[in-house]
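The block underneath contains the structure these notes are about, expressed in structure tokens.
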Amino acid sequence: AQDLIDVRMLTYPELKTPEFAEVNPLKKVPGLIRSDGVTVFESFVILEYLEDKHRALSPSFKPLTAEGRQLMQLMIRCHDLYVASPNCTAPGFSHCQGSMYLSYGWHGEA
């Protein structure tokens, strides 16, 4: 499935553009543009969509056991609620998620 998905890395200023807001109105990663042009955002929603869309391909995006899927869902939920929370995106405040794709100076002045 990797060759079916065009992955693009963005800088923090690119997340704040009107073009990216059309992909994810929250102006955060992740964002997915389906082949029909409809956008999907939020990590769990994207995961569920890709799993359903590419169910016939292997390996699965999800762990094979109920325990593994429970842990995956907990990690996604904690990330979405506490790490990448909209409460952590105030100007001049670099939230924890930012450390994965930001470097000093990329996010501009406060």
Side-chain angles (χ1 to χ4, degrees):
Q2 186 173 355
D3 59 333
L4 300 176
I5 301 170
D6 179 20
V7 177
R8 298 182 188 177
M9 302 301 290
L10 302 173
T11 62
Y12 193 80
E14 290 171 318
L15 295 177
K16 302 303 176 188
T17 64
E19 294 80 17
F20 188 74
E22 292 177 13
V23 176
N24 185 338
L26 300 175
K27 298 182 181 179
K28 296 175 12 179
V29 293
L32 174 73
I33 304 172
R34 297 186 336 204
S35 59
D36 62 0
V38 172
T39 61
V40 183
F41 56 95
E42 292 300 323
S43 54
F44 188 72
V45 176
I46 292 171
L47 173 68
E48 290 293 312
Y49 168 74
L50 292 173
E51 183 70 19
D52 287 345
K53 181 74 173 176
H54 302 290
R55 185 172 309 279
L57 300 177
S58 292
S60 172
F61 291 107
K62 295 181 179 181
L64 298 177
T65 66
E67 292 78 12
R69 289 188 300 276
Q70 174 270 312
L71 179 59
M72 174 203 72
Q73 292 170 359
L74 177 62
M75 292 171 67
I76 290 171
R77 188 84 171 141
C78 287
H79 172 269
D80 290 348
L81 288 176
Y82 307 113
V83 177
S85 168
N87 297 326
C88 298
T89 57
F93 186 86
S94 291
H95 43 86
C96 297
Q97 180 188 14
S99 64
M100 293 188 285
Y101 62 91
L102 299 179
S103 70
Y104 180 77
W106 280 28
H107 55 282
E109 296 183 24

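Heavy atoms only: backbone and side chains are in, while hydrogens, waters and symmetry mates are out.
Atom NZ of Lys27 is separated from atom OG1 of Thr17 by 8.0 Å, given to the nearest 0.5 angstrom. Between the NE2 atom in His54 and the OH atom in Tyr49 there is a gap of 6.0 Å [rounded to 0.5 Å]. To the nearest 0.5 angstrom, Asn24 atom CG is 12.0 Å from Glu22 atom CD. Put simply, CG on Leu32 and OG on Ser43 are 12.0 Å apart, with the number rounded to the nearest 0.5 Å. Note that OG of Ser35 and NZ of Lys53 are 5.0 Å apart. Values are rounded to the nearest 0.5 Å.
No more than 12 heavy-atom neighbours from other residues, nucleotides or ligands sit within 6.0 angstrom of CG on Leu64. Atom CZ of Arg77 has 12 or fewer neighbouring heavy atoms from other residues, nucleotides or ligands inside a 6.0 Å radius.
Under the 4.5 Å side-chain contact rule for hydrophobic residues, Leu71 and Ile76 do not share a cluster. Under a hydrophobic clustering in which Ile, Leu, Val, Met, Phe, Trp and Tyr are joined whenever their side-chain heavy atoms come within less than 4.5 Å, directly or via other members, Met72 and Met75 fall into different clusters.
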| Step-by-step side-chain contact (heavy atoms from CB on, under 4.5 Å) determination, Ile33 to Val23 | CA-CA 7 Å; Ile33 304 172; Val23 176; 3.8 Å; yes
| message | Using the rule given for side-chain contact (heavy atoms from CB on, under 4.5 Å), can you reason through Arg34 versus Val40, listing the C-alpha separation, both sets of side-chain angles and the distance that settles it, and then say yes or no? | response | CA-CA 7 Å; Arg34 297 186 336 204; Val40 183; 3.8 Å; yes
| field | Leu15/Val29 under side-chain contact (heavy atoms from CB on, under 4.5 Å): CA gap, chis, key distance, verdict | value | CA-CA 8 Å; Leu15 295 177; Val29 293; 3.5 Å; yes
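For the pairing with Lys62, the side-chain hydrogen bond (donor to acceptor under 3.5 Å, both in side chains) check across Glu48, Glu51, Gln73 returns one residue only, Glu48.
The minimum heavy-atom distance linking Phe41 with Pro25 is given by the pair CE2-CD, 3.4 Å. When all heavy atoms of Leu47 and Phe61 are compared, the closest pair comes out as CD1-CB, 3.5 Å.
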